[in-house]
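Notes follow the structure.
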Amino acid sequence: MGASLTRAAQWTTASSGTGKLEITPINESLLKEILSFVEQFSSRHPQEAKHVFKEPLQWSTTLVASDFKTDYDISGPTVQSQEKDSEGHPLLQLSPPTIFARSFSQLSKLVQLANDKKLKEVRACLEENRDPVVKILGPSFATVLEGEDNFVLRLVDKVKQEDQAADSALKVKLFFLLQHLDNQLLSNSLKKISQEVRLSPAAVKNEVELLKHFCSEGEKRVLKSVRYTSDYEFSNGCRTPPWRQVHGDICYLVIEPCDTETLYITCSTAGVFLNGGIKQEGEENAYERTSEMHKDLVTLLKSRSPHFAENINKQVQWNLGRCIHCYLPFVFSKTPVGVMLAEAFSESSSESEEDEEQPERRPESNTDLPSEYWQIQKLVRYLKRGNQTATVLVLCAMRDFNLVQETCQLAIRDEGGLEVLLNLLDTKEIRCKIGSLKILREISNNSQMRRAIADLCGLQSMVKSLDSLVKDLKALAAETIANVAKFRRARRTIRQYGGIMRLVKLLDIPDLATPTAEQERDVEVARCGVLALWSCSKSTRNKEAIRKAGGIPLLGRLLKLPHENMLIPVVGTLQECASERSCRIAIQTEGMIKDLVKTLSCDNQELQMHCASAIFKCAEDKQTRDLVRQYEGLQPLVLLLNKVDNKQLLAATTGAIWKCSISMENVAKFQEYNVLEILVNLLTGQPEEVLVNVVGALGECAQIPANRAIIRRCGGIQPLVNLLTRTNQALLVNVTKAVGAFFLPSFRLLWSLLKNPNVDVQSSAAWAICPCLENTKDAGEMLFYFVGGLELIVNLLKSTNKEVLASVCAVIAKIAKDEDNLAVITDHGVVPMLAKLTNTTDDRLRRHLAEAIAHCCMWGSNRASFGEAGAVAPLVRYLKSTDSSIHQATAHALLQLSKEPNNCITMHQNGVVKLLLGMMGSADEMFQEAAADCVFNIRRLALANDKASYGYPP
Amino acid sequence: MPEMSALNKKLTQTLAETISKQVKHFNKRETECLIRLCNGLLGDQTVSIHNSLLLLVYLAVFHTFDKDSDGYISVKEWIEGLSVFLRGTLDEKIKYCFAVYDLNSDGYISREEMLQMLNDSMIREPTEEDPDEGIKDLVEITFKRMDYDHDGRLSYADFERAVREENLLLEAFGSCLPDAESTLVFEEQAFKDPPGQ
């Protein structure tokens with residue numbers, strides 16, 4: 001309800017806060033719809049109705065205790081529901097005049113109780129709870145709602161973080177129910193609002209200009225004259241005195257029809273009507289309305305002048321069509337309704353706006369413009385004045401210019417040529433439409449022109465042209481759509497105006513072995529249709545729309561045609577669509593994998609790239625992977641790996657190989673073609689989009705031991721491990737998986753050796769585990785797989801063998817780098833066990849022990865625990881050792897421990913400062929720093945202590 | 001369609017047989033339909049034909065239909081004309097259009113003829129010094145574009161080449177062919193009833 005309440009409902013005050021809902025028909029119907037939603041909620045969604053709101057909805061009610069009956073505890077004026085939440089709070093509470101409700105089931109009951117006060121209650125509730133969704137689901141959902149991109153994903157995230165409880169699914173469902181209601185409300189009120197679009201100065205001006213054209217001499221004329229009463233136009237487009245503008249008056253007109261007396265007309269925002277006869281400015285008493293209200297000038301004139309009514313229809317077909325694009329943009333973009341429309345329907349798919357706005361390149365001054373600019377502007381002026389015949393000639397003349405040149409495009413746009421060209425599409429003149437589209441097709445290669453065309457609602461007209469019987473026209477319209485649909489808004493518009501359906505219809509051509517000339521033209525129309533669908537298919541919802549319109553099987557039929565120029569857009573569209581699961585299923589069930597595999601072996605690299613990319617996406621599905629093998633598509637894929645120079649092709653091919661190799665049967669087949677050797681060679685010197693797929697494929701293949709041996713043999717390990725330093729997330733995921741495939745099995749084995757009773761085996765296994773943990777990025781995650789492994793290692797600290805102890809300490813130091821694992825070993829009592837070992841005199845053990853202590857300090861109250869367990873004093877003594885590597889580890893451990901004041905006291909008592917000061921002269925900077933920081937911590941404590949005791953520093 | 005005498009029916013059929021052999025694009029049945037339509041036009045009976053086609057049968061078109069220039073369109077001329085109208089190839093249509101635009105039938109379209117044909121094709125700007133300047137300019141641009149051999153007049157070869165390069169120029173100087181939609185509607189109506197039923 002969020003969007004419709006803030007955008008569609010009409011509030012008395014614009015600002016949020018506590019406004020009142022105006023009593024308007026729109027609000028009335030909004031309220032009624034919300035009411036019926038609430039009324040039926042309990043019976044329709046009994047589960048969701050029980051969900052307890054995050055915060056209660058509260059408002060001042062007119063209901064009193066006597067209105068409530070069973071199911072409620074009534075005591076005096078206050079009422080509580082018998083239904084309670086898990087903590088025993090009532091879900092409905094009335095303490096007059098305020099009422100609190102905390103679930104939909106209570107709300108449902110409430111409106112049923114309220115009888116004829118229903119609407120009043122809903123109104124009050126909405127007025128006092130401006131953001132009901134937030135109250136119902138919690139404030140975090142407001143942010144989910146606001147950003148429209150990705151919202152489903154973020155919603156899922158949100159719910160995940162928020163609570164793992166069982167009601168999260170319920171919450172999502174509730175959210176979607178509300179969201180659905182919101183959409184419904186919005187679209188319903190839009191329908192109403194759009195019926196009431198009010199006149200704007202620009203629309204009036206356009207209509208007046210149009211009527212002036214009808215005042216020409218001769219038989220054709222339908223009016224004698226049209227003039228404004230005032231030549232002065234205010235900056236807002238009005239021609240009335242400001243004190244009349246307040247009343248909505250836009251301008252006054254004097255129109256002389258051919259057959260009746262002169263008409264004095266007021267154009268106001270509410271409509272057009274006859275006034276008391278305003279001949280010029282300032283005629284005070286003539287402002288009042290003397291006729292009924294009409295929606296525009298043409299309707300008014302039709303009702304007054306029979307001659308006009310009779311003749312206008314003849315001319316208007318041509319001329320009115322020619323002005324529609326001067327109106328539409330105002331209706332759709334300049335009015336609040338238009339802005340709302342745009343917002344309400346904004347796309348929720350996650351794609352990025354790939355069509356970046358190009359900066360306008362324009363010469364400094366007009367004198368720098370080349371002559372073409374002025375010539376084209378002249379032609380545009382002719383275009384505005386010409387009839388059908390002249391229009392075609394002018395269009396042909398314009399086509400002789402190099403329309404790819406930006407100067408020419410700017411000339412057309414600056415002179416209002418785009419409007420005229422688009423208007424032509426709404427006439428009945430096929431040749432004019434064709435001529436116009438030929439120009440639009442050229443200039444729409446420029447992103448600025450594309451946007452201008454979309455802004456002027458040109459796509460709507462192009463979509464309409466797809467219904468034409470004339471094939472050339474259909475083809476041109478589709479081709480132009482293909483050009484314009486390079487940005488998201490355009491693609492959305494095409495879908496919303498039924499473009500996808502119409503484009504898909506163009507693909508429906510009969511299966512032809514030897515087409516006639518006429519059928520060749522059908523093929524061409526279909527090709528243009530596919531081009532347009534290709535552009536459109538870059539939006540998620542369009543993919544779905546293409547599928548729903550039955551586009552996938554039709555594309556499948558075209559896939560069998562031999563024309564290369566058809567195949568590229570066909571496969572291009574298919575591979576775009578294949579990112580949607582529903583489309584992938586359609587592609588597979590329509591038996592297209594066979595044709596895609598066949599096309600892989602063509603000799604056009606672009607086509608091969610799209611094919612591979614389609615297989616890449618479709619092979620997510622097991623059946624598809626099997627089909628690729630059955631139709632012998634694996635070998636052509638491997639062959640494509642030779643084309644190392646075409647990186648796009650290589651990325652698509654390696655992607656297809658990756659996904660295909662998820663099936664072990666395919667991996668076996670790939671091995672026959674020595675794919676591993678080739679892939680290993682691709683591990684270096686390739687862009688990341690290739691690397692991701694190569695590593696992905698290697699990771700899949702490495703699940704088989706024999707393949708691991710091959711990869712190792714061709715030197716694949718080192719480059720794989722090197723990739724661990726990259727930052728690309730997708731790449732890292734795959735690299736970790738691949739590397740894991742190598743290390744995990746041996747790692748698992750090593751770990752099991754820890755259980756071996758022989759102390760030498762134990763210690764060497766532990767030593768071997770250390771580098772594994774160090775080299776694997778997600779060591780922490782890897783350990784996660786060894787349930788009980790961490791306990792095992794902690795228990796080994798009970799060993800009496802010095803070597804075992806040292807090696808285990810080394811392992812613990814590595815493990816403790818991962819916070820989750822550290823928490824686990826802490827629970828297993830690692831701290832006291834390490835502390836117990838501190839009295840050792842073995843230097844090797846001392847060093848690893850100090851390291852382990854340093855890392856284990858990072859969790860919870862471990863620092864204090866070490867102190868309590870008496871680990872600090874022995875550690876200080878380590879500094880007296882002669883081994884400098886011990887000093888280093890010890891300094892780090894002491895630094896960590898010194899963050900706990902009690903430890904500082906102990907250290908101080910044991911004379912650590914003197915020892916550390918002596919070591920600050922060390923050559924190792926890290927060590928210097930650790931020692932210095934440790935001393936600093938101790939000193940600071942002493943200062944704080946002094947300050948506390950004496951009130952000032954000594 | 002009112003009842004026809006048996007003789008009339010027979011005559012129509014024979015005529016259709018002959019003409020359908022001489023005129024391209026129509027089979028015998030279709031020719032028969034068109035003959036009956038022609039008879040309908042000649043007689044008093046009102047025949048329902050799509051208006052647009054009737055409107056198009058104006059003077060210039062009439063001349064091109066009336067090949068032997070005897071002032072009448074014979075049944076055969078009528079059918080030949082319609083053959084181009086409805087099903088003509090691009091070649092046939094180019095020939096036909098050129099003939100329509102060549103007002104004085106001298107085999108060339110001159111600047112003057114062009115100006116004459118385009119005279120009313122643009123709304124004049126009364127504010128300009130020469131209100132006709134726009135038209136003159138447009139004629140000049142178009143003429144230069146189409147006069148490939150630069151001899152100051154458009155020959156059939158010029159016209160044909162221009163149209164082949166840009167099909168839109170087929171009806172460059174005024175529409176004289178029915179559009180696709182009208183053609184479809186006309187054919188639907190004209191060939192609706194098989195003759196003799």
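All chains are named by letter (A, B, ...) in the order of the sequence lines, taking the proteins before the strands, and each is independently numbered beginning at 1.
Side-chain atoms of A:D522 and A:K471, non-hydrogen and from C-beta on, do get closer than 4.5 Å to each other.
Ion pairing of A:K474 with A:E479 is absent here, as no side-chain N (NZ or NE/NH1/NH2) approaches a carboxylate O to less than 4.0 Å.
For an aromatic pair to be called close, the ring centres must be under 6.0 Å apart, and B:Y156 with B:Y108 fails this.
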Item to check | Audit row: B:Y101, B:E171, side chain to side chain donor-acceptor pair (under 3.5 Å) steps and yes/no | outcome: CA-CA 9 Å; B:Y101 298 144; B:E171 294 175 80; 5.4 Å; no
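Taking chain B as the reference chain and counting heavy-atom pairs below 4.5 Å, the highest number among A:A397, A:S468, A:G435, A:C396 is found for A:C396. Note on B:D137, B:L169, B:I141: by heavy-atom pairs under 4.5 Å with chain A, the leading option is B:D137. Contact tally against chain A (heavy-atom pairs below 4.5 Å) for B:K144, B:E166, B:M117: the top residue is B:E166.
At a 4.5 Å heavy-atom cutoff, the contact between A:D400 and chain B is made by side-chain atoms alone. Only the side chain of A:V392 comes within contact range of chain B, with at least one heavy atom under 4.5 Å from a heavy atom of that chain. When heavy atoms are compared at a cutoff of 4.5 Å, A:L379 approaches chain B solely by way of its side chain, counted from C-beta outward.
Defined by atom type and a distance below 3.5 Å, a donor-acceptor pair is missing between the side-chain atoms of A:E256 and A:T262.
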